[in-house]
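Contents: one structure, followed by commentary.
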Number of protein chains: 2
Amino acid sequence: MTHTVATAKKLEEALRADGVRITRQRAAILKVLSEAEDHPDATELHRRARDIDESVSLATVYRTLTALEEQGIVHRHSFEGTPARFETADLPHHDHIIDLDTGEVVEFRSDKIERLQAAIAEELGYDVVRHRLELYCRRKDK
Amino acid sequence: MTHTVATAKKLEEALRADGVRITRQRAAILKVLSEAEDHPDATELHRRARDIDESVSLATVYRTLTALEEQGIVHRHSFEGTPARFETADLPHHDHIIDLDTGEVVEFRSDKIERLQAAIAEELGYDVVRHRLELYCRRKDK
DNA sequence: TTACGTGCAAAGGGTTTGCAAGAGT
DNA sequence: ACTCTTGCAAACCCTTTGCACGTAA
């Protein structure tokens with residue numbers, strides 16, 4: 001599963017389409033987001049964005065991420081015991097393995113699990129609006 | 001799936017076995033926990049415990065919950081957008097459906113999903129230490 | 001030009017912690 | 001007695017927000 005299909009350009013277009021202004025700061029944040037191959041938190045995104053534009057503040061990083069999340073352009077993941085981490089929403093739906101030793105995040109996808117979830121909810125009289133499936137793991141052997 | 005198999009007595013024993021003192025405050029918190037049929041948060045547990053012993057502070061509720069969690073006697077769930085909610089760990093493993101409209105929590109269990117998770121992790125070179133599976137749902141029809 | 005966006009610093013909300021007083025064992 | 005536990009208030013951490021200034025369109 002490869003990351004970063006979304007280009008900064010595409011993200012900008014998506015925002016513009018919603019009447020959102022592209023400022024220097026937002027451009028920097030979008031670039032950093034589109035280039036991220038990992039799942040950085042707000043502080044890390046702030047650090048990276050500042051390398052492009054010194055003036056970007058952490059508050060703006062948070063405001064931009066919240067806006068992007070509301071547009072469905074970015075996903076926010078609140079894994080256990082860490083600040084929220086973000087990724088662009090360009091990939092098809094997937095869930096996450098979190099390496100307990102390194103914090104590294106690996107993506108996976110299982111239609112079977114997906115279907116089972118829906119069936120279980122159905123049986124209890126519910127529709128699944130969204131779900132959260134996280135596997136907290138350790139490397140085998142080692 | 002019925003709740004509250006754990007009696008306050010059993011919880012006390014479990015704590016005592018670990019050299020933990022049973023104070024008035026802890027007794028109250030354990031009683032409240034053992035009688036809970038829902039998934040209350042710390043503030044709600046505090047409210048209920050105070051009905052038994054006025055002197056219980058919120059800090060002690062948190063300290064006791066943390067201790068109980070460390071002994072594996074209580075599970076802490078950090079569902080999206082709400083303070084952590086707690087339940088005694090006397091039931092066999094299960095996952096949760098969260099009703100988005102009411103906040104109500106319904107438990108379910110799926111060995112199939114469990115097995116699929118393990119298989120997926122295995123294939124990627126990981127052992128699952130623990131997982132988190134939450135279905136955020138709405139009632140059908142209605 | 002004019003609304004929208006920004007940085008800064010302060011506030012928020014849930015949870016944890018330092019400290020001196022209190023209480024199990 | 002001796003050590004663990006408590007209440008209180010302050011601190012924490014991540015995140016959001018009020019305000020006066022800046023700036024994209």
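Side chains are part of it too, since the values below use all heavy atoms of this structure and drop only hydrogens, waters and symmetry mates.
Going from atom NZ of A:Lys31 over to atom CD of A:Glu12 covers 11.0 Å, rounded to the nearest 0.5 Å.
DNA chain D is contacted by both A:Ala59 and B:Thr23; B:Thr23 maps to the nucleotide lying nearer its 5′ end (nearest heavy atom per residue). The nearest heavy atom of DNA chain C to B:Arg85 and to B:Val20 marks one nucleotide each, and the one closer to the 5' end goes with B:Arg85.
The distance between atom CG of B:Leu58 and atom C1' of C:dG13, rounded to the nearest whole Å, is 12 Å. The nearest whole Å value for the distance from the CD atom in B:Glu12 to the C1' atom in D:dT5 is 15 Å. At whole-Å resolution of the value, CD in B:Glu54 and P in D:dT6 are 17 Å apart. In this structure, B:His46 places its NE2 atom 15 Å from P of C:dT16, rounding to the nearest Å. Rounded to whole Å, atom P of D:dC14 lies 14 Å from atom CD of A:Glu44. If you take CG of A:Leu65 and C1' of D:dT16, they are 13 Å apart, rounded to a whole angstrom. The CG-P distance, from A:Asp53 to D:dA24, rounds to 11 Å in whole Å. Rounded to an integer number of Å, the gap from A:Glu69 CD to D:dT15 P is 11 Å.
Between A:His39 and A:His77, the ring-plane angle classifies as tilted under the 30° and 60° cut-offs.
A cation-pi arrangement is present between A:Arg139 and B:Tyr126, with the terminal nitrogen or guanidinium carbon under 6.0 Å from the aromatic centre and inside a 45° cone about the axis.
Between A:His75 and A:His93, the ring centre distance reaches or exceeds 6.0 Å.
Side-chain proximity of B:Thr66 to C:dT16, D:dA24, D:dT15: nearest is C:dT16. In the set C:dT6, D:dT6, C:dA3, D:dT6 carries the atom at the smallest distance from any side-chain atom of B:Gln25. For B:Arg21, the listed nucleotide lying nearest its side chain is D:dC4; candidates were C:dG7, D:dA25, D:dC4.
Note on A:Arg26: a side-chain N or O is less than 4.0 Å away from OP1 or OP2 of C:dT6. The side chain of A:Tyr62 places an N or O atom within less than 4.0 Å of a non-bridging phosphate oxygen (OP1 or OP2) of D:dT15. An OP1 or OP2 oxygen of C:dT25 is reached within less than 4.0 angstrom by a side-chain nitrogen or oxygen of B:Arg16.
Using a 4.0 Å heavy-atom criterion, one finds that B:Arg63 contacts the bases of the nucleic acid, with or without backbone contacts as well. As judged by a 4.0 angstrom heavy-atom cut-off over every strand, B:Thr43 is placed among residues making no nucleic acid contact.
In this structure, B:Glu122 pairs ionically with A:Lys140, as a charged nitrogen and a carboxylate oxygen lie closer than 4.0 Å.
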